[in-house]
Amino acid sequence: MIYSTTVEVNFDGLIGPTHNFAGLGPGNLASWSHRRAPSNPRAAARQGLAKMVRLRALEVPQALLPPQPRPNLALLRRLGFSGDDAAVLATAQKHSPHLLATAMSSSSMWTANAATVCPSADAGDRRVHFTPANLVTSLHRASETDVTATLLKRIFPDPRFFVHHDAVPSSTDMGDEGAANHTRFCDTFGDPGVQMFVYGSDSRGDDASGPKRFVARQSKAAGEVISRLHHLDPDRVVFAKQNPRAIDAGVFHNDVIAVGHRQLLLCHEQAFEQPARVMEDLRRTTNDAIQVVQVPQQRVSLDDAVSTYLFNSQIVTTETGETVLIAPEDCRQHAGVNTLLGELVEGKTFDRVEFVDLRESMDNGGGPACLRLRVVLTPEEQAAVAPGVWLTDRLEGQLEGWIDRHYRDSLTAADLADPALMTESYTALDELTELLELGSVYEFQR
Ligand code: SUG
């Protein structure tokens, strides 16, 4: 797929066959409140695919990243569970259902956490830079990093265009959750941009002004490492600290409380610890091009922002030049948020709002923006992407059939040790890598 200009491509995570609710997300209220609820992996994958299809219908460039292989048997073996595959699953379930769920999680679907990506227009060496996230805060997510790195290298292979860095070292003072805490502002996508790195902790965890209830997942140190690795111009980088009160209200990633697109930043007034300073830094670095829309607490409380995921909407520019907000269905159902959206359209912040049903992902704390990794690519770079991952009419149909053939419509905690589920999951992924023309990428395929 090649567009004639530099475009922002959404790489959505295809939701995997073991999608389940295990309450694993630290500080993630939706994940906790749905723990042990039965999931519907087929509906989850269909909902995620429907969002991709809708965006593509709006002529927004759309590609996808495949799920990670689950069960993660290598992880379970490393955790001391032994025997053949079925025995590993059974003993894990007997001794630690929590670790079994960790090894079954489909959390790689939230590709906003896969990596931080910087476009070639911003990098000193004019290449696209990728740093996979270390996701050090939780084991189920930390175990995504290596496979993410492998997949990104396979999908963006050409070193003339793409640079792949190692993840930031896995240490709690270097926590990195990827693009969910990173926003780029620009005029058109091909112009040099300004990059904002948002963090919750800037010390070694002994920060008295930090959150009290939940952990700050993203460190300032990680953003500093990435901006060096990606050869960013320090005059075009902004660091912004999250408001610890927001983290304690369930804002475990900045993309739960702020979303940026081109020169627009839509955020809650309590998103940042020192909002006036952040706005001033953004105005200075963007030469006053930034347009900030801050939603007051009186209009939408932090709690309502977290429960509706208003700020986890995607903002996209369509082929016809319209700016569209892709919001979760929950925003339509909340009277106050729905009214606010009407006013934002009237005030021309957006031309339109479209609502998407992502119930299964939302119940684990993942809205529209969590499900996509934005990668800005010039026409030459687009041509260098593995061709099979672009969404096409043909692939849409193939994926619908593939989901319906391989996915269950109900999964409970008791099912996670079922050896048949393992076989179904590996069979599905084996077929998927063929559909996506990726060859063998997973350990179990070797
Ligand atoms: O890391 N949920 C994910 C949700 C990530 C959302 N991503 C962004 N905001 N960009 C998390 O907390 C829940 C898994 C479970 O409970 O089964 C989970 O990992």
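Ligands are counted one by one from 1 in listed order, and the atoms in each one are counted from 1 as well.
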With heavy-atom distances below 4.0 Å as the criterion, list the atoms of ligand 1 near Gly365.
4 (C), 6 (C)
Mode of Arg141 contact toward ligand 1 - side chain, backbone, both, neither (heavy atoms, under 4.0 Å):
side chain
Do the side chain of Ser108 and the main chain of Glu144 share a donor and acceptor less than 3.5 angstrom apart?
no
May I ask you to decide if Pro26's main-chain N or O and Arg217's side chain share a donor-acceptor pair within less than 3.5 Å?
yes
Give a yes/no verdict on whether any heavy atom in Arg217 is under 4.0 Å from an atom of ligand 1.
yes
Drop me the distance from Asp357's CG to Arg46's CZ, to the nearest 0.5 angstrom.
13.0 Å
Taking Val356's backbone N and O only, do any of them form a donor-acceptor pair with Arg54's side chain (distance below 3.5 Å, no angle check)?
no
Considering both backbone and side-chain atoms of Asp255, is one of its nitrogen or oxygen atoms within less than 3.5 Å of a nitrogen or oxygen in ligand 1?
yes
shortest atom 18 (C) of ligand 1-to-protein heavy-atom contact is with Trp110 CZ3, 3.5 Å
Does Ser425 reach the main-chain N or O of Arg70 with its side chain, forming a donor-acceptor pair under 3.5 Å?
yes
Which bit of Phe252 gets closer than 4.0 Å to ligand 1, counting heavy atoms only: side chain, backbone, both or neither?
side chain
Just let me know how Asn20 lines up against ligand 1, side chain, backbone, both or neither, with a heavy-atom cut-off below 4.0 Å.
backbone
Does any N or O atom in Ser107 lie less than 3.5 angstrom from one in ligand 1, N or O only?
no
Interfacing atoms of ligand 1 (cut-off 4.0 Å, heavy-atom, Ala180)
10 (N)
Judging by distance only, is a nitrogen or oxygen of Leu24 under 3.5 angstrom from one on ligand 1?
yes
Any atoms of ligand 1 less than 4.0 Å from a non-hydrogen atom of Asn28? List them with their elements.
2 (N), 3 (C), 4 (C), 11 (C), 12 (O)
Taking 4.0 Å as the limit for heavy-atom contacts, which would you say applies to Ala112 with ligand 1: side chain only, backbone only, both, or neither?
side chain
List ligand 1 atoms under 4.0 Å from Gly23, heavy atoms only on the residue side.
15 (C), 16 (O), 17 (O)
Is there a donor-acceptor pair under 3.5 Å between the side chain of Asp248 and the backbone N or O of Phe214?
yes
At a 4.0 Å threshold, what atoms of ligand 1 neighbour a non-hydrogen atom of His253?
7 (N), 8 (C), 9 (N), 10 (N)
Glu8 bridged to Arg184 by N-O distance under 4.0 Å:
no
Test Val345 against every option in Val353, Thr323, Leu340 by the side chain to side chain contact (heavy atoms under 4.5 Å, CB included) rule and name the one that passes.
Val353
Going by distance only, is there an N or O of Val256 that falls short of 3.5 Å from an N or O of ligand 1?
no
Judged by atom type as modelled, is there a donor-acceptor pair below 3.5 Å linking the side chain of Asp191 to the main-chain atoms of Cys186?
no
In the protein, what heavy atom is nearest to atom 8 (C) of ligand 1, and what distance, to one decimal place, separates them?
Cys370 SG, 2.8 Å
May I ask you to list the atoms of ligand 1 that are less than 4.0 angstrom from any heavy atom of Ser31?
13 (C), 15 (C), 16 (O)
Checking the N or O distance criterion of under 3.5 Å, is ligand 1 in contact with His140?
yes
Donor-acceptor under 3.5 Å (Asp122 side chain, Leu232 main chain):
no
Positive for side chain to side chain contact (heavy atoms under 4.5 Å, CB included) with Leu14, one of Leu429, Leu65, Thr111, Leu399:
Leu399
Say whether, by atom type as modelled, one donor and one acceptor occur between the side chain of Asp85 and the main chain of Leu73 under 3.5 angstrom.
no
Nearest-neighbour protein heavy atom for atom 2 (N) of ligand 1, which is reported as residue plus atom name and distance
Asn364 O, 3.1 Å
I need the nearest protein heavy-atom contact for atom 17 (O) of ligand 1: residue, atom name and distance, please.
Ala22 N, 3.0 Å
